[in-house]
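Input: a single structure, listed below in structure tokens.
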Amino acid sequence: EGLRVVTDVVCPFCGTLCDDIKVVLDGNRIVDTMNACIIGNEKFKSAQAGHRIMQPLEREDGTTEFTPVSYDYAIEKAAQILASAKRPLYYGWSSTSCEAQEIGNELAEVTGGVTDNTASVCHGPSILAIQTVGAPMCTLGEVKNRADLIIYWGCNPIHAHPRHMSRYTIYPRGFFTERGFDDRTLVVVDPRPTDTAKQADIYIQVEQGKDYELLDALRTVTRGEDIPDVVAGVKKEQIKELAEVAKSKKFGLLFFGMGVTQTTGKHRNIDMAISWTQDMNKYTKFNLIPMRGHYNVTGSGQVMSWQSGFPFAMDFSRGYPRYNPGETAANDILLRHECDAALIIASDPGAHFPVEAMKYYAQIPTIAIDPHYTPTTGISKLVIPSSIIGVEEEGTAYRMDNVPIRCRKVVDAPKGILSDEEILRRILNRVKELKGIPAGQ
Ligand code: SF4
């Protein structure tokens, strides 16, 4: 009694972007969720967790103590840091809305900075490969309704995208896959016998870092040519079996993740995976989809691309957009000490970047925009709290297959807490004033 259920809520955590979540509310408090996986449930509950930042904070150089400041002060200070920087770095973007990302890209442009999203430490190599050899992709709806072969290569959805298998790949009954699980074959390629691998019809235990060789061998046997008896620790017979199974299916899907993008060969592994997928279309219908991580990392790539032509690692320091990952991605810039200020939003490089990169971050003027205390906020000079998109704020996000979904607002943010969009808009407007750029330009 007194409880209210909001339906069709979108989960702002992983790239599966589930849009069938129910949230149970008691007034403005989230009591429970239905349909969400354990990670999604925690994300919704994090809105009222004790580790929310409730007011902007500033830290003097050389101290570890933060002093609470007002939003007006923090926004003015942030604008001054960014307006006076020669080449500021903007990084993160994957856990905020497309509307906020759009303002962020303009901010990078007017300050002659570099803007980069988490793709550069995630599926950036997939993007490089797609730019080289193409992207035979489809939407997850097609997978659900047609796919009778699912390959998870170097990814572990049971732990990282927990509802991926139940919503789209293995278990759902689709239009042409009405027997659900019984109509599908699951193949997992991974050095470890993961929980996903334990469910597989065919498990291929590749040697760590040898995916390129295995994909190359698979491509070779698919074309009917011979290969050595063992490749990447896998016997010839098993590689041939996979090629034969793949050819015998009506609609195959290759999902791939960090096990191939972040290991030896990086984007070249994906080149080979895409090339094999393209080859497979000579025999049957075959597609691939990268298991994009954060719920809106795909959106950041989309927004950057339609605004300026490049999907990540975009450098405006010459006054026009330039793109050269290896030179213009966040870690490249930090490790070579090439930025003189940084703004981090909706991500936590303090926890996920190499220590050397963050040691430099800790020495320059920095701004972190985040709803929660994180290792990044702990080493930033200015911390600006924000509301949580998809829980306390509406916003557009793109699923891993590039399908846009509008995230809903289910509760009000804590009193006085501003959205990413509003914080960025106010910083941008003030930067334009400081730089003498007329409003509207
Ligand atoms: S699978 Fe991903 S999007 Fe779906 S509920 Fe879990 S964390 Fe959220």
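All figures in this text were calculated on a predicted structure; none of them were measured in a lab. Read the numbers this way: they start at 1 and go in the same order the structure lists the ligands and their atoms. Hydrogens, waters and symmetry mates are skipped; everything else that's a heavy atom, side chains included, is used.
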Between Asn324 and Thr328, a side-chain donor and acceptor under 3.5 Å: no
Electrostatic pair Glu392:Arg52 at N-O distance under 4.0 angstrom: yes
With Ser300, the side-chain contact (heavy atoms from CB on, under 4.5 Å) member among Tyr398, Phe312, Trp93: Trp93
Pairing of Asp19 and Arg408 as salt bridge, 4.0 angstrom limit: no
Test: Arg59 cationic atom under 6.0 Å from Phe66 six-membered ring centre, within 45° of axis: yes
Tally, protein N/O/S atoms nearer to atom 2 (Fe) of ligand 1 than 2.8 Å: 1
Salt bridge present between Lys198 and Asp195 (N-O < 4.0 angstrom): yes
